[in-house]
Amino acid sequence: MKIALGADHAGFEYKDRIADMLRKTGHEVLDFGTHDATPVDYPQYGYAVGEAVASGQADRGIVVCGSSLGIAMAANKVPGVRCAPVFEPYMTELARRHNDANVLALSERLTGWEMTEQLLRAFFDTPFEGGRHAHRTEQLFQFTDDQRTRTLKAIEGGSVTDAQTPKDLL
Ligand code: RB5
């Protein structure tokens, strides 16, 4: 697989270790940096990895920051990205099985390296289940103005059950 990697100054050491590991196991790596501890802004790295995955330049992405949260938020701004910040293996398995996560967000400050290796294994070894989960993951990219209006109306009405955009309008 071709894997896009990105990290800020609080995640670049894990990012570099992950790059080595992936290369050794036959993956191709697109490393968008950062490459040292000089403070940088995590959104730029999340966007770069997100765009690489959404455009098809990379099959999957991995982003790392101090907590995993900021860089995941940035990656998830890119339409086509389903980025999951994860902290334990079963959560990672579900991110693949149910949510078809195409970008994994990791925390260098909160997660030990051995656990990180387990999370990476789960990310690469777990397939998407599809089926009932497929139309839900599709809806993640249908948050249009029309959908927003429906959601706001549904909130006012007290029930979100009917807020979904009808299929013939998609
Ligand atoms: C950098 O200090 C830190 O805020 C960043 O790596 C990340 O944890 C943000 O979500």
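In listed order, ligands and their atoms are each counted from 1.
Atoms of ligand 1 found under 4.0 Å from any heavy atom of Ala10, numbered from 1 in the order shown, are 6 (O). Interface atoms of ligand 1 facing Gly66, defined by a heavy-atom separation under 4.0 Å, are 5 (C), 6 (O), 7 (C), 8 (O).
If you check which protein heavy atom lies closest to atom 10 (O) of ligand 1, you get Gly70 N, 2.9 Å. Atom 7 (C) of ligand 1 has Cys65 SG, 3.4 Å as its closest protein atom, hydrogens excluded (heavy atom only). For atom 9 (C) of ligand 1, the nearest protein heavy atom (residue, atom name, distance) is Tyr42 CE2, 3.5 Å.
Judged by the shortest distance from any of its heavy atoms, Glu108 lies outside the 4.0 Å radius around the atoms of ligand 1. Residue contacts with ligand 1: Met73 is excluded, as none of its non-hydrogen atoms falls under 4.0 Å.
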- Task: Could you check Asp36 against Thr38 for side chain to side chain donor-acceptor pair (under 3.5 Å), going step by step and ending with a plain yes or no?
- Result: CA-CA 6 Å; Asp36 59 42; Thr38 311; 2.8 Å; yes
- Test log, rule salt bridge (charged side-chain N to carboxylate O under 4.0 Å, His left out), inputs Arg150 and Asp146: CA-CA 6 Å; Arg150 287 170 172 281; Asp146 178 66; 3.3 Å; yes
- Query: How far apart are the C-alpha atoms of Asp59 and Lys2, what are their side-chain angles, what is the distance that settles it, and do they pass the salt bridge (charged side-chain N to carboxylate O under 4.0 Å, His left out) test?
  - Reply: CA-CA 5 Å; Asp59 303 301; Lys2 203 183 257 192; over 6 Å; no
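The option with the heavy atom closest to atom 6 (O) of ligand 1, from among Val40, Val64, Leu69, Asp8, is Asp8.
Taking the side chain as every heavy atom from C-beta outward, Lys15 and His35 approach each other to under 4.5 Å.
Less than 4.0 angstrom separates atom 4 (O) of ligand 1 from none of the non-hydrogen atoms of the protein.
In this structure, Gln147 and Gln142 approach most closely via the heavy-atom pair CB-O, 3.3 Å. For the residue pair Tyr14 and Trp113, the shortest heavy atom distance occurs at OH-N, 3.1 Å.
The number of heavy atoms from other shown groups lying within 6.0 Å of CZ (Arg148) does not exceed 12.
Taking distance alone, with nitrogen or oxygen atoms compared against 3.5 Å, Ser67 approaches ligand 1 more closely than that limit. Remark: ligand 1 and Arg109 share an N or O pair separated by less than 3.5 Å (distance only, no angle test).
Here Arg97 pairs with Glu93 under the side-chain hydrogen bond (donor to acceptor under 3.5 Å, both in side chains) rule; sequence neighbours left out.
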